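Treat the numbers as computed from the prediction; the structure is a model and nothing was measured.
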Amino acid sequence: MNFLTPTSLFLFGIAIPIIALYILKLRRRREPVSTLMFWEQLFKERQTTSLFQKLKHLLSLLLQLLFLALLVFAVARPQFAFITKSARQLILIIDHSASMNAVLNFDPDNPSSESRLDSAKQQALEMVKGLRFMDEMSVISCNTRPVIHTPFTNHQKTLREAIASIKPTDVKTDLKSAVDLAFEVAQTKPNPEIVILSDFQSVSEETLEKFQKSIQQNAAEEEEIQDQKEKIKLHLIRVGEDSDNVGITQFRVRKSIVNAFDYETLLTVVNASNKEKKCSVELYFNESLFDVRPYTLAPGEKKSEIFSNFTFEGGELKAVLDVTDALPTDNVAYATLPKRELISVLLVTNENPFLQKVLSVDEKLNLSIMTPAEYEAGAKDAQVVVFDRFNPTTIGDGNYMFIYPPKATDPPNDEDQTNPVATWNIGEALETPIITDWERTHPILRHVHLENVLIGEAYEVTPPSTAQILARSFESPVLFVDVTPKRKIVFAAINILESDLPLRIAFPVIIANTIQWFQQSEGIQEYHLHTGEVLRYKVDSQTNSDTQTNQEEVTPSENSQKILKVNGPGEKSWDVTVENDEILFDQTLHAGFYELTFSDKPAADNEDETTINSENESTNDNEEVNDQKQVWAVNLASEIESNIGIAEGIEDLLAEADVLGSGSFFRYPPWIYLVFLAVILSVVEWFLYQRRKID
């Protein structure tokens, strides 16, 4: 036994004055009386009880000294080795994934609002209440990644606040990372115990094997275990019961395979129960109902459907499953339809009906046509410029396609001009060349066949050293690309007006592939995330300097930063700072739409979130703010998570919910018991004192 405050033992010195007061005899006063007859009788009676009186005084003294000893020991706070060795270090893991939002005991006729997570937190509070004074607990929450809410402590208020801070999320279940963390921490403790509160809806094989191994070793008490890792006690406590559930497991946007300028939305619904379910799916576009589809699903059946023919302007799409079940999270799914921007294309030609036709029929293109003279008089900006049998004097940065340009009579000098035409050498004319080989895997020639193409006019050409040859004849390349950091060039050494290529299906495919290659957009950019994924967004660095144009000297503020405002579900908002022209946002914990809004303002130091948000409101009222927005759709969309039953192999490993109920006598520190005994002794001593006084 040792003491936390051994200096308190000096208080035993108080026993000296207590003993002195009991030993001290009072000096009797002399009083004259008329007779001693009555006093002699009293003296005889006191002689017969003097021994008992002395014992009463001695017992009272002993009780006083024992009372003092108990109080001194209580102040010194004794610690016993056998109690210290039995102290437990509990690691409490609370699962707050999407499946824990399921109703605890679902009853369609009597719906309840208590979720599995609510029940888990209540059980955790009961465990905190049952902790002994020497036990410690650490609280960890997990969905796909663990979060330590409090380190090891026995302060019950701190533990209760940590449990209360665990909020529901719509993120998938993955106990592995939290279990691995708990086992790593437990190996550093003498008596570790891991307690997991979960519905165990999804458990990986690796984690299940770790559970089985730990529980089997704990059950074999007769075997001596040397490895500290194998001494870890594991308690798996299941929350909730099996319930029927129907959910949306997929809701994604893709390009239409029929119309290149249309989108398709793939919807998948699964019946994760053992009963037939009848339900309907309501589809909303920008909060307006536009379609309802009925479904009849057999047990375990999954159905998929495709929706198309949406507006060109883009918008927000929402699917709502009209059903009442245990898990409402997967009854709603979200998708965003990007606005389909037209690609500006400039065709510079005297006349080429084939090119004009193939470019004008493409709905993705905004076509403008100029003659070479008009282009030289004043070039027009466009995302893609097609030069037909024309060679301009200079070109800037951008995307250019040259079709059979004439040989330059006065080649540009790279030393004198900043933006010359890319250099290539045009040689002699070729007579009816035959295309012998082409790069079938290159995006421009994908799905293109060039066998037996008849070519009337072509010429030899020597591409620059940086070019990639896509098609060649026996004599010379006929198609190549040249890519530099700020310029892309496609060069065709064929006069298409003197060829049967425009009459082949390959011609529009090549033109469409070329424009698509220029834009590097083989598909659509999906603004779709799963709950818990990090939102990454590349921000145009030029937006920061828009207000600094036309100024000779600029002195940027040291704390001037670009702020991206994120508005999420439930009217929550965050301000995220752009670093290296990119933002990383990891608060996608709930399904719904996340809207990103740009605004430029100085970021003050030491500002809390409330101050930043209030300043944003005043900025919107008093300053001109860039109204550029982008919307992301965040969904749970997990067939595994919609199955809210228990994982296979877990049921035999479960522990009772009251496994941590403390029946130990030493639930409180020893000094509390010493004070309690001291109070009892004080009552006994008071009783003896009163009897002595009466006697």
Side-chain angles (χ1 to χ4, degrees), residues 97-103 106-109 111-113 115 168-172 243-254 263-273 275-298 300-311 313-338 526-532 567-572 588-595 631-644:
S97 60
S99 61
M100 292 293 286
N101 295 330
V103 177
F106 177 69
D107 183 1
D109 300 327
S112 172
S113 60
S115 66
T169 68
D170 297 335
V171 184
K172 294 188 295 185
S243 300
D244 294 338
N245 185 53
V246 181
I248 300 174
T249 60
Q250 192 173 27
F251 197 48
R252 298 291 294 270
V253 176
R254 70 182 185 187
Y263 296 141
E264 294 177 338
T265 303
L266 176 64
L267 173 72
T268 302
V269 181
V270 65
N271 178 15
S273 66
K275 299 178 181 178
E276 183 181 83
K277 294 291 183 179
K278 293 184 178 182
C279 58
S280 61
V281 174
E282 301 173 352
L283 285 159
Y284 295 85
F285 186 73
N286 292 336
E287 299 300 330
S288 298
L289 179 66
F290 75 91
D291 201 353
V292 178
R293 302 289 176 92
Y295 287 89
T296 300
L297 301 171
E301 185 180 3
K302 178 171 59 176
K303 283 187 178 181
S304 298
E305 195 164 357
I306 295 176
F307 302 88
S308 59
N309 298 324
F310 295 104
T311 177
E313 296 301 320
E316 298 176 356
L317 190 63
K318 182 170 66 174
V320 179
L321 197 60
D322 185 16
V323 67
T324 302
D325 53 21
L327 182 62
T329 303
D330 60 359
N331 293 343
V332 183
Y334 308 87
T336 59
L337 294 175
E526 287 193 78
Y527 295 95
H528 177 277
L529 294 172
H530 288 286
T531 48
N567 297 316
E571 298 183 355
K572 293 184 178 179
T588 57
L589 302 180
H590 298 277
F593 292 112
Y594 288 76
E595 183 184 75
V631 179
W632 262 257
V634 177
N635 289 314
L636 172 61
S638 171
E639 185 174 346
I640 297 176
E641 201 71 16
S642 293
N643 188 353
I644 56 176

Inset, instruction - Can you sort out the partners of Asn643 under side chain to side chain contact (heavy atoms under 4.5 Å, CB included), two or more places apart, ordered by chain and number? - result: Ala272
Legend entry - Working for side chain to side chain contact (heavy atoms under 4.5 Å, CB included), residues Val332 and Ile248: CA-CA 7 Å; Val332 183; Ile248 300 174; over 6 Å; no
Quick check: do [X] and [Y] have side-chain heavy atoms less than 4.5 Å from each other?
| X | Y | result |
| --- | --- | --- |
| Thr268 | Lys302 | yes |
| Val323 | Asn331 | yes |
| Ser304 | Leu266 | yes |
| Glu276 | Thr296 | yes |
| Phe593 | Glu595 | no |
| Val631 | Tyr334 | no |

Inset, instruction - Could you check Ser288 against Asn286 for side chain to side chain donor-acceptor pair (under 3.5 Å), going step by step and ending with a plain yes or no? - result: CA-CA 6 Å; Ser288 298; Asn286 292 336; over 6 Å; no
Mind listing the closest non-hydrogen atom pair of [X] and [Y] along with its distance?
| X | Y | answer |
| --- | --- | --- |
| Ala319 | Leu267 | CB-CD1, 4.2 Å |
| Ser273 | Asp244 | CB-OD1, 3.3 Å |
| Ser115 | Met100 | CB-O, 3.8 Å |
| His530 | Ala637 | CE1-O, 3.7 Å |
| Glu641 | Ile644 | O-CG2, 3.6 Å |
| Cys279 | Val246 | SG-CG1, 4.4 Å |

Inset, instruction - Could you go through the side chain to side chain contact (heavy atoms under 4.5 Å, CB included) check for Leu337 and Val253 one step at a time? - result: CA-CA 7 Å; Leu337 294 175; Val253 176; 3.7 Å; yes
Distance (rounded to the nearest 0.5 Å) between [X] [atom1] and [Y] [atom2]:
| X | Y | atom1 | atom2 | value |
| --- | --- | --- | --- | --- |
| Ser99 | Asp170 | OG | CG | 11.0 Å |
| Leu636 | Thr329 | CG | OG1 | 7.0 Å |
| Thr588 | Trp632 | OG1 | CH2 | 12.0 Å |
| Asp325 | Ser243 | CG | OG | 9.5 Å |
| His528 | Asn635 | NE2 | CG | 4.5 Å |
| Leu317 | Phe285 | CG | CZ | 7.0 Å |

Legend entry - Any residue meeting side chain to side chain donor-acceptor pair (under 3.5 Å) with Glu316, in chain and number order, not counting sequence neighbours: none
Legend entry - Set of side chain to side chain donor-acceptor pair (under 3.5 Å) partners for Ser642, sequence neighbours left out: Asp330
Legend entry - Result of checking Thr336, Val634, Leu529, Asn567 against Tyr594 for side chain to side chain contact (heavy atoms under 4.5 Å, CB included): Val634
Inset, instruction - Evaluate side chain to side chain contact (heavy atoms under 4.5 Å, CB included) for Lys303 paired with Leu297, printing each intermediate quantity in order. - result: CA-CA 8 Å; Lys303 283 187 178 181; Leu297 301 171; 3.6 Å; yes
Legend entry - Backbone of Pro294 reached by a side-chain donor or acceptor of Lys278 within 3.5 Å: no
Legend entry - Under-4.0 Å salt bridge between Lys277 and Glu301: no
